[in-house]
Participant: 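Before I ask anything, let me first share the structure, which is written out below as structure tokens.
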Amino acid sequence: MRLILMFWADFRGGNHLGSAPFREVISMKILVPVKRVIDYNIKARVKSDGSGVELANVKMSMNPFDEISVEEALRLKEAGKAEEVIVVSIGPKEASETLRTGLAMGADRGILVLHDGESEPLTVAKILKEVVAAEAPGLVILGKQAIDDDCNQTGQMLAQMLGWGQGTFASKVDLGEGSVDVTREIDGGLETVKLNMPAVVTADLRLNEPRYASLPNIMKAKRKPIDEKTPADYGVDTALHLTTLKVEEPPKREAGIIVDSVEALVAALKDKGVI
Ligand code: AMP
């Protein structure tokens with residue numbers, strides 16, 4: 001985090017230094033990677049050839065955990081702890097809509113790294129590393145996982161590549177002077193870690209409740225800048241490292257039966273091998 005102390009001299013009174021109070025200007029940027037995914041309300045359908053999930057004519061939205069990350073970054077900015085919130089998405093042209101959602105929530109500007117086809121966590125992390133090099137944010141707040149691939153890898157990979165500390169599954173973020181306390185949701189409780197900044201944080205569900213963008217802010221977001229880049233601009237090769245062999249629907253649930261006594265229930269459960 002860079003703290004710039006500015007002198008607010010009273011030029012009108014000719015008193016340039018004497019009683020001039022200090023004004024603190026915090027120049028920390030927060031980078032928030034946001035992924036365009038199938039809307040969480042949509043029931044995903046597997047393509048008939050089993051090669052993946054059907055995306056044609058399907059409603060797409062910002063990954064829900066990324067909405068939480070944007071909200072957290074905005075709250076830090078509103079608390080005067082950050083100066084600028086930048087949203088970045090790696091994806092097709094339409095991912096600009098996802099960026100506009102972030103801008104309508106209140107982010108200042110967007111970066112679209114144009115890439116058609118699958119974006120694997122390793123590739124995304126490599127691109128984000130270069131975006132970080134260009135923007136020098138004090139914090140990168142990602143979602144803990146993208147709900148389409150459920151990988152839960154990008155934040156961890158990015159932190160490792162940058163050599164930064166990471167606070168994953170964050171349910172509370174407390175920004176201090178040059179460090180950040182992150183409360184993490186772990187099995188059976190909560191753990192709080194202190195990270196030196198700059199740092200990587202990944203947002204869990206209970207971190208906050210994201211705001212809805214108001215109509216005036218949606219209109220305002222149309223004028224906010226989105227910088228278009230390509231992976232090649234960052235020198236990143238997007239060749240896939242993984243091959244999807246097969247995607248299958250989960251097995252259909254069988255219809256239930258109605259039993260008329262506890263004995264019949266126990267017998268049915270034994271019959272199914274449940275008890
Ligand atoms: P994953 O590791 O794929 O589960 O994704 C974890 C987080 O990484 C997401 O919540 C996003 O914050 C970020 N992320 C993953 N893929 C992308 C992408 N294509 N563009 C921007 N951010 C991404």
Side-chain angles (χ1 to χ4, degrees), residues 1-3 26 28-35 37 40 61-90 98 101-102 105-107 119-129 131-132 135-211:
M1 175 162 57
R2 283 169 293 147
L3 251 184
I26 296 173
M28 187 182 74
K29 296 178 189 175
I30 303 178
L31 185 70
V32 185
V34 294
K35 188 175 187 187
V37 297
Y40 73 98
S61 300
M62 185 188 291
N63 182 43
F65 292 106
D66 303 349
E67 288 182 3
I68 296 172
S69 308
V70 174
E71 176 65 37
E72 195 62 21
L74 294 175
R75 289 186 189 189
L76 290 170
K77 184 182 166 187
E78 286 158 2
K81 295 180 174 178
E83 193 195 28
E84 192 181 28
V85 176
I86 307 163
V87 281
V88 54
S89 194
I90 294 110
T98 313
T101 305
M105 286 172 76
S119 49
E120 287 178 354
L122 184 57
T123 306
V124 172
K126 285 179 184 172
I127 293 171
L128 291 176
K129 176 176 176 256
V131 177
V132 165
E135 297 288 348
L139 266 187
V140 183
I141 311 181
L142 305 93
K144 74 165 180 180
Q145 78 193 59
I147 61 164
D148 54 355
D149 59 19
D150 271 347
C151 278
N152 179 346
Q153 295 171 359
T154 310
Q156 292 88 329
M157 286 178 174
L158 177 65
Q160 200 280 334
M161 285 176 187
L162 292 167
W164 291 6
Q166 57 180 296
T168 51
F169 306 97
S171 60
K172 188 161 174 246
V173 172
D174 202 352
L175 204 60
E177 288 267 330
S179 68
V180 56
D181 290 357
V182 176
T183 302
R184 312 181 53 235
E185 299 204 1
I186 56 170
D187 275 353
L190 297 172
E191 174 192 62
T192 302
V193 291
K194 188 182 279 298
L195 314 172
N196 290 333
M197 288 173 67
V200 171
V201 172
T202 73
D204 211 328
L205 199 60
R206 276 164 286 274
L207 181 57
N208 60 49
E209 220 174 280
R211 70 195 66 189

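Since the model is a prediction, treat every value here as computed from it, not as a measurement. Computation of the quantities below employed the complete heavy-atom set of this structure, encompassing side-chain atoms and omitting hydrogens, waters and symmetry-equivalent molecules.
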Participant: With sequence neighbours excluded, tell me which residues meet side-chain contact (heavy atoms from CB on, under 4.5 Å) with Ser61.
Facilitator: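 Only Asp39, Lys59 meet the side-chain contact (heavy atoms from CB on, under 4.5 Å) criterion with Ser61.
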Participant: Does some side-chain heavy atom of Pro137 sit less than 4.5 Å from a side-chain heavy atom of Val132?
Facilitator: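 Side-chain contact under 4.5 Å: yes.
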Participant: Can you name the closest pair of heavy atoms from Gly102 and Val87 and give their distance?
Facilitator: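 Answer, listing the atom of Gly102 first, then Val87: CA-CG1, 4.5 Å.
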Participant: I need the minimum non-hydrogen distance between Thr202 and Gly155, along with the two atoms involved.
Facilitator: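 So the minimum-distance heavy-atom pair works out to CG2-CA, 4.0 Å.
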Participant: Quick one: side-chain contact (heavy atoms from CB on, under 4.5 Å) partners of Lys129, sequence neighbours excluded?
Facilitator: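 By the side-chain contact (heavy atoms from CB on, under 4.5 Å) rule, Lys129 matches Leu158, Met161, Leu162.
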Participant: Among residues at least two apart in sequence or on other chains, which ones pass side-chain contact (heavy atoms from CB on, under 4.5 Å) with Ala73?
Facilitator: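 Ala73: side-chain contact (heavy atoms from CB on, under 4.5 Å) contacts with Ile30, Val32, Val85, Ile141.
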Participant: Thr154: which residues meet the side-chain contact (heavy atoms from CB on, under 4.5 Å) condition with it, sequence neighbours left out?
Facilitator: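 Only Pro121, Val124, Ala125, Leu128, Leu142 meet the side-chain contact (heavy atoms from CB on, under 4.5 Å) criterion with Thr154.
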Participant: Gln153: which residues meet the side chain to side chain donor-acceptor pair (under 3.5 Å) condition with it, sequence neighbours left out?
Facilitator: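 With sequence neighbours excluded, Gln153 shows a side chain to side chain donor-acceptor pair (under 3.5 Å) to no residue whatsoever.
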Participant: I'd like to check the side chain to side chain donor-acceptor pair (under 3.5 Å) partners of Asp150; sequence neighbours left out, ordered by chain and number.
Facilitator: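 Per chain and number, Asp150 pairs via side chain to side chain donor-acceptor pair (under 3.5 Å) with Gln145.
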Participant: So which atom in Glu209 and which in Arg75 form the shortest heavy-atom distance, rounded to 0.1 Å?
Facilitator: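 Glu209 and Arg75 have their closest heavy atoms at O-NH2, 3.3 Å.
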Participant: Which residues pass the side chain to side chain donor-acceptor pair (under 3.5 Å) test with Arg211, not counting sequence neighbours?
Facilitator: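 Scan of Arg211 (side chain to side chain donor-acceptor pair (under 3.5 Å), adjacent residues dropped) gives Glu71, Glu78.
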Participant: Calculate, to the nearest 0.5 Å, the distance between atoms OH and CZ belonging to Tyr40 and Phe65 respectively.
Facilitator: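 That separation rounds to 11.5 Å.
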Participant: Residues two or more places apart in sequence or in another chain: which of them pass side chain to side chain donor-acceptor pair (under 3.5 Å) with Ser171?
Facilitator: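 None.
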Participant: Could I get the full list of salt bridge (charged side-chain N to carboxylate O under 4.0 Å, His left out) partners for Asp174, not counting sequence neighbours?
Facilitator: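 By the salt bridge (charged side-chain N to carboxylate O under 4.0 Å, His left out) rule, Asp174 matches no residue at all.
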Participant: Shortest non-hydrogen contact from Val37 to Met62?
Facilitator: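 The pair with the smallest heavy-atom distance is CG2-C, 4.3 Å.
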Participant: Identify every side-chain donor-acceptor pair in residues 186-200 under 3.5 Å, counting partners at least two apart or on other chains, and give the distances.
Facilitator:
residue : atom : partner : partner atom : Å
Glu191  : OE1  : Arg184  : NH1          : 2.7
Thr192  : OG1  : Thr183  : OG1          : 3.1
Lys194  : NZ   : Asp181  : OD1          : 2.9

Participant: Are Pro210 and Val70 close enough that some pair of their side-chain heavy atoms sits under 4.5 Å apart?
Facilitator: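 Pro210 vs Val70: side chains apart.
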Participant: Which residues satisfy the salt bridge (charged side-chain N to carboxylate O under 4.0 Å, His left out) test with Lys35, sequence neighbours excluded?
Facilitator: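 Listed in chain order: Asp148, Asp149.
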Participant: Would Leu139 and Leu76 satisfy side-chain contact (heavy atoms from CB on, under 4.5 Å), going step by step from the backbone distance to the final call?
Facilitator: CA-CA 11 Å; Leu139 266 187; Leu76 290 170; 3.9 Å; yes
Participant: Can you name the nearest heavy-atom pair linking Ala170 to Leu207, along with the distance?
Facilitator: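 It is O-CB, 3.6 Å.
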Participant: With a 4.5 Å heavy-atom cut-off, do Leu122 and Met157 have their side chains touching?
Facilitator: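 Yes. Closest side-chain heavy atoms under 4.5 Å.
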Participant: Taking only residues two or more places apart in sequence, or in another chain, which ones meet Lys77 in a salt bridge (charged side-chain N to carboxylate O under 4.0 Å, His left out)?
Facilitator: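 Testing Lys77 for salt bridge (charged side-chain N to carboxylate O under 4.0 Å, His left out), a comparison that skips the adjacent residues, returns Asp108.
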Participant: What's the spacing between Thr98 OG1 and Glu67 CD if we round to 0.5 Å?
Facilitator: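 Atom-to-atom, Thr98:OG1 and Glu67:CD are 10.0 Å apart.
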Participant: Between CD of Gln166 and CD of Gln156, what distance do you get to the nearest 0.5 Å?
Facilitator: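 Going from CD on Gln166 over to CD on Gln156, the span is 5.5 Å.
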Participant: Could you grab the distance from atom CD1 of Ile86 to atom CD of Glu135, nearest 0.5 Å is fine?
Facilitator: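 Taking CD1 in Ile86 and CD in Glu135, the distance rounds to 4.0 Å.
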Participant: Please report the shortest heavy-atom distance between Ala203 and Ile68, naming the atom on each side.
Facilitator: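 Scanning both residues, the minimum pair turns out to be CB-CG2, 3.9 Å.
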